[in-house]
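Notes follow once the structure below has been shown.
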Amino acid sequence: MNCQSVVTRCGCLCICEEDGYVVKIEFNRTCDGKIDKMILEQLLDYLRGVRKDLTFQVKVSGTEFQKRVWYALRNIPYGHTITYKDLAIKLGTSPRAIGQALKANPLPVYFPCHRVVGKNSLGGFTGGLDWKKMLLGTEGCSL
DNA sequence: GCTTTTTAGCCCG
DNA sequence: CGGGCTAAAAAGC
């Protein structure tokens, strides 16, 4: 497994790759190594707001439920948000269960968990709310 | 399997 | 603005 970290205006980001698949993305973590240049460029362009979709291959590990939630995130259009509650209704589950699944998301940004917000608050985020705000800002969401 | 714990939410006073 | 509540999934047994 190869990991490489990059520095953004919100702190550093560590991306891990295995056999050409991205397996993990972590905030505020540095790591030493190099990953596929194309993957890195895609991600950086996304963070710059130049690119709106991520097409690299990923390898996902999680429970069936978690995967269901994570893939559902990819149906939220760029620049849009949804509440935990509405997503829960859509998937026939509860808001808190959604929160649990999002917390366990190994590939934030690729699975855009930052597009899920609370009804009357921002909700939480792995790596801190600053990241969430930054990502939403880049996508042009009104906070 | 059943029971306990945990939760990045929600609603109501 | 706090407290209490709830449902559901994961962890533990």
Side-chain angles (χ1 to χ4, degrees), chain A residues 1-33 35-36 39-143:
Chain A
M1 179 162 80
N2 274 340
C3 299
Q4 178 166 1
S5 53
V6 292
V7 180
T8 76
R9 62 196 155 102
C10 220
C12 54
L13 193 64
C14 169
I15 308 111
C16 302
E17 175 207 358
E18 199 172 78
D19 313 319
Y21 294 89
V22 177
V23 294
K24 202 200 275 184
I25 298 177
E26 280 179 288
F27 296 102
N28 314 322
R29 182 95 135 235
T30 52
C31 46
D32 216 2
I35 61 166
D36 184 89
I39 294 174
L40 195 63
E41 284 303 317
Q42 261 194 41
L43 210 48
L44 287 176
D45 282 346
Y46 185 91
L47 294 174
R48 286 186 202 110
V50 185
R51 179 182 246 276
K52 301 188 175 174
D53 61 311
L54 296 169
T55 57
F56 50 72
Q57 298 276 359
V58 296
K59 199 183 287 178
V60 191
S61 71
T63 65
E64 284 308 307
F65 174 78
Q66 288 170 338
K67 283 189 263 188
R68 200 157 65 88
V69 175
W70 298 338
Y71 280 104
L73 298 176
R74 305 209 88 215
N75 293 328
I76 307 168
Y78 187 90
H80 287 243
T81 58
I82 189 172
T83 61
Y84 292 94
K85 187 188 176 189
D86 287 342
L87 186 58
I89 292 170
K90 214 168 154 182
L91 296 180
T93 180
S94 85
R96 292 191 141 174
I98 297 286
Q100 278 184 103
L102 296 195
K103 188 184 178 187
N105 178 9
L107 295 162
V109 185
Y110 176 83
F111 290 123
C113 51
H114 55 275
R115 291 184 198 147
V116 186
V117 297
K119 193 181 184 186
N120 282 314
S121 75
L122 250 187
F125 200 69
T126 42
L129 284 170
D130 284 345
W131 278 98
K132 195 169 189 171
K133 288 180 196 160
M134 195 271 273
L135 289 165
L136 288 173
T138 316
E139 298 194 7
C141 293
S142 48
L143 302 172

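Every chain is numbered from 1 and lettered A, B, ... according to where its sequence line falls, protein lines coming before strand lines. Heavy atoms only: backbone and side chains are in, while hydrogens, waters and symmetry mates are out. Bear in mind the structure is a predicted one, so any value in this text is a computation, not a measurement.
With a 3.5 Å limit on both pairing distances and Watson-Crick or G-U wobble geometry required, the stems of 3 or more pairs in DNA chain B span B:1-7 with C:7-13, B:9-13 with C:1-5.
Applying the side chain to side chain donor-acceptor pair (under 3.5 Å) definition to pairs two or more places apart or across chains, those involving residues 11-26 of chain A are A:E26-A:R29. Counting only residues at least two apart or on different chains, the side chain to side chain donor-acceptor pair (under 3.5 Å) pairs with a member in residues 124-137 of chain A are A:N28-A:W131. Residue pairs meeting the side chain to side chain donor-acceptor pair (under 3.5 Å) criterion with at least one partner in residues 51-61 of chain A, sequence neighbours excluded, are A:Q42-A:T55.
Between A:L43 and A:V6 the shortest side-chain heavy-atom distance does not fall below 4.5 Å. In this structure the side chain of A:I76 reaches within 4.5 angstrom of the side chain of A:V116, judged on heavy atoms. Residues A:C10 and A:F27 have side chains not in contact (no heavy-atom distance under 4.5 Å, counting atoms from C-beta outward). Contact annotation: the side chain of A:Q4 never approaches that of A:D36 to less than 4.5 Å [non-hydrogen atoms, C-beta and beyond]. Taking 4.5 Å as the limit, every side-chain heavy atom of A:Y84 sits out of range of all side-chain heavy atoms of A:K119.
Once you apply a 4.0 Å limit to the heavy atoms of chain A, the touched nucleotides of DNA chain B run 5' to 3' over B:dT6 to B:dC11.
Atom CG of A:D32 has 12 or fewer neighbouring heavy atoms from other residues, nucleotides or ligands inside a 6.0 Å radius.
Residues from residues 58-78 of chain A lying near DNA chain B, meaning a heavy-atom separation below 4.0 Å, are absent. Contacts between residues 100-134 of chain A and DNA chain C, defined by a heavy-atom separation below 4.0 Å, involve A:Q100, listed by number.
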Run A:L13 and A:L47 through side-chain contact (heavy atoms from CB on, under 4.5 Å) and show every step you take.
CA-CA 11 Å; A:L13 193 64; A:L47 294 174; 4.0 Å; yes
Report, one pair per line, the protein and nucleotides 5-7 of chain C atoms (nitrogen or oxygen only) whose separation is under 3.5 Å.
residue, atom, partner, partner atom, Å
C:dT6, N3, A:R96, NH1, 2.9

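With sequence neighbours excluded, the residues satisfying ring-ring contact (aromatic ring centres under 6.0 Å, His included) with A:Y110 are A:F56. Listed by chain and residue number, A:D86 satisfy the side chain to side chain donor-acceptor pair (under 3.5 Å) test with A:T83 (two or more places apart in sequence, or in another chain). Taking A:R48 as the reference, A:D45 meet the salt bridge (charged side-chain N to carboxylate O under 4.0 Å, His left out) condition, with sequence neighbours excluded.
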Cut-off 3.5 Å, no hydrogens considered: what does the side-chain donor-acceptor table look like for residues 95-104 of chain A, sequence neighbours left out?
none

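Between A:H114 and A:F125, the angle of the ring planes goes over 60°, which puts this pair in the perpendicular group of the 30/60° scheme.
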